[in-house]
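The block underneath contains the structure these notes are about, expressed in structure tokens.
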Number of protein chains: 2
Amino acid sequence: MKFSKKSEYGLRALLELCDTYGGRVLQRHEIAERQNIPVEFLEQILLALKRAGLLASRRGIRGGYALIKSPDDITLGQVIRILDGPLAPISCVSKTAYQKCADCPYAAKAACPLQQAMGEVRDAIANILDHYTLSRFAHTKLAEGS
Amino acid sequence: MKFSKKSEYGLRALLELCDTYGGRVLQRHEIAERQNIPVEFLEQILLALKRAGLLASRRGIRGGYALIKSPDDITLGQVIRILDGPLAPISCVSKTAYQKCADCPYAAKAACPLQQAMGEVRDAIANILDHYTLSRFAHTKLAEGS
DNA sequence: AAGTTGTCTAGTGAGTTGCTCAAGATTTGG
DNA sequence: CCAAATCTTGAGCAACTCACTAGACAACTT
């Protein structure tokens with residue numbers, strides 16, 4: 001019941017990118033250094049976020065990555081679903097990736113007692129993560145003041 | 001972000017054991033057959049639940065497993081923590097198994113922006129799962145009526 | 001004593017996680 | 001146009017976890 005490093009790194013990388021939103025681009029190694037993330041692994045994450053439409057990138061000597069959606073419009077839930085898959089704790093209650101459980105004897109009768117509880121869990125998680133936007137963290141800079 | 005089969009099987013096995021609570025013992029193969037669980041795998045689960053104090057067992061020809069705590073006193077959260085470990089989505093917000101994240105640059109300043117959101121998620125999950133008791137499912141029998 | 005059950009430890013194959021490497025494509029500076 | 005810097009793509013890999021299996025052993029009943 002844990003989120004992967006991928007999600008964690010992805011979120012931390014996005015926090016960096018929020019800081020320069022509307023301004024300059026950030027290169028992989030800048031993000032990697034500031035956030036202590038292995039650079040090649042980070043790259044895969046950035047690419048996934050790019051394919052999902054959150055980031056744009058430019059190659060070449062003054063290349064790098066930049067947010068193309070406003071931090072107001074990006075939620076933790078979105079990011080985690082991109083990098084980690086669906087939020088539901090068991091797939092028979094997933095809204096984005098429903099699958100009926102193969103071996104559950106209750107499944108056939110559609111009266112699985114666990115389903116209700118798990119559904120509540122799913123909704124609770126989604127409710128929190130889909131309402132936290134990245135902009136909500138934007139004021140929490142890493143190296144400010146001193 | 002999923003629960004394991006272990007938890008799922010464990011919960012389903014406990015539902016069976018609830019039905020005979022106070023009455024006879026159930027043997028591994030009975031539970032396994034009714035719930036479609038590989039019997040040797042189920043055994044490990046039952047043993048873990050026994051070590052955690054939820055079950056008693058007797059060997060020999062009329063042996064088997066039985067609940068020793070009331071279904072009222074067993075919550076989904078307890079069971080899942082026994083079989084799957086802590087509920088927290090990242091370990092720096094776990095109440096039962098806290099560990100500060102090794103590589104997070106915010107960790108040192110104790111001002112990780114994600115921590116609050118993840119803490120809320122943890123609390124939401126725990127709140128639901130720690131309030132669902134097994135007795136709440138007891139009336140949902142598998143093979144009743146017809 | 002024999003047979004039936006639970007107990008324990010170890011192992012295993014498949015898949016995932018977290019990460020690395022190398023060969024390309026694209027952009028910019030000179 | 002060349003070369004350096006950057007992103008892009010895909011493959012590969014060690015370690016781990018998950019779901020499950022196997023087998024020796026201990027204890028209980030008859």
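We use all heavy atoms of the structure for the numbers below, so side chains are in, but hydrogens, waters and symmetry mates are not. Proteins come first, then strands; the chains are lettered A, B, ... in the order of their sequence lines, and each starts at number 1.
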Does this structure show an ion pair linking A/R24 with A/E30, if we count only N-O contacts that are shorter than 4.0 Å? yes
Check the phosphate of C/dG6 against B/R28, side-chain N and O only, distance under 4.0 Å to OP1 or OP2. Yes or no? yes
Using whole Å, what does the distance between atom P of nucleotide C/dG18 and atom CG of A/L83 come to? 11 Å
Taking atom C1' of D/dT8 as reference, at what distance in whole Å does atom NE2 of A/H29 sit? 17 Å
Going by an N to O cut-off under 4.0 Å, is there a salt bridge joining A/R12 and B/D103? yes
A/K50 near the nucleic acid: base, sugar-phosphate alone, or nothing, with a heavy-atom cut-off under 4.0 Å? sugar-phosphate
What one should report as the nearest heavy-atom pair of A/A124 and B/I128 is CB-CD1, 3.6 Å
Atom CD of A/E33 and atom P of D/dT6 are separated, to the nearest Å, by 11 Å
Answer yes if B/L26 and B/L47 sit in the same cluster of Ile, Leu, Val, Met, Phe, Trp and Tyr residues linked by side chain heavy atoms under 4.5 Å apart, and no otherwise. yes
Could you state the atom-to-atom distance from NZ of B/K2 to P of C/dT17 in whole Å? 10 Å
Gap between atoms CD1 and P, on B/I45 and D/dT21 respectively (whole Å): 12 Å
A/D84 bridged to A/K5 by N-O distance under 4.0 Å: no
If you measure only the distance, is there a donor-acceptor pair under 3.5 Å linking the side chains of A/Q35 and B/Y106? yes
Spacing between A/L46 atom CG and D/dT8 atom C1', to the nearest angstrom: 12 Å
Would you kindly give the OH-to-P distance between A/Y65 and D/dT8, to the nearest whole Å? 4 Å
Rounded interatomic separation in angstrom, taking CZ from A/R59 and C1' from C/dT26: 5 Å
The residue, A/R51 or A/G63, whose nearest nucleotide of DNA chain D is more 5′ is A/G63
Which atoms of nucleotides 14-20 of chain D (N or O only) lie under 3.5 Å from a protein N or O atom, and what are those distances?
| residue | atom | partner | partner atom | Å |
| --- | --- | --- | --- | --- |
| D/dA19 | OP1 | B/K5 | N | 3.3 |
| D/dA19 | OP2 | B/K5 | N | 3.2 |
| D/dC20 | OP2 | B/Y9 | OH | 3.1 |
| D/dC20 | N4 | B/Q44 | NE2 | 3.2 |

Just by modelled atom types, is the B/D130 backbone N or O under 3.5 Å from a matching donor or acceptor in the B/Q78 side chain? no
Looking at every strand, decide which applies to B/Q27 at a 4.0 Å heavy-atom threshold: base, sugar-phosphate, or nothing. sugar-phosphate
Return no unless some side-chain N or O of A/S57 is found under 4.0 Å from OP1 or OP2 of D/dT8. yes
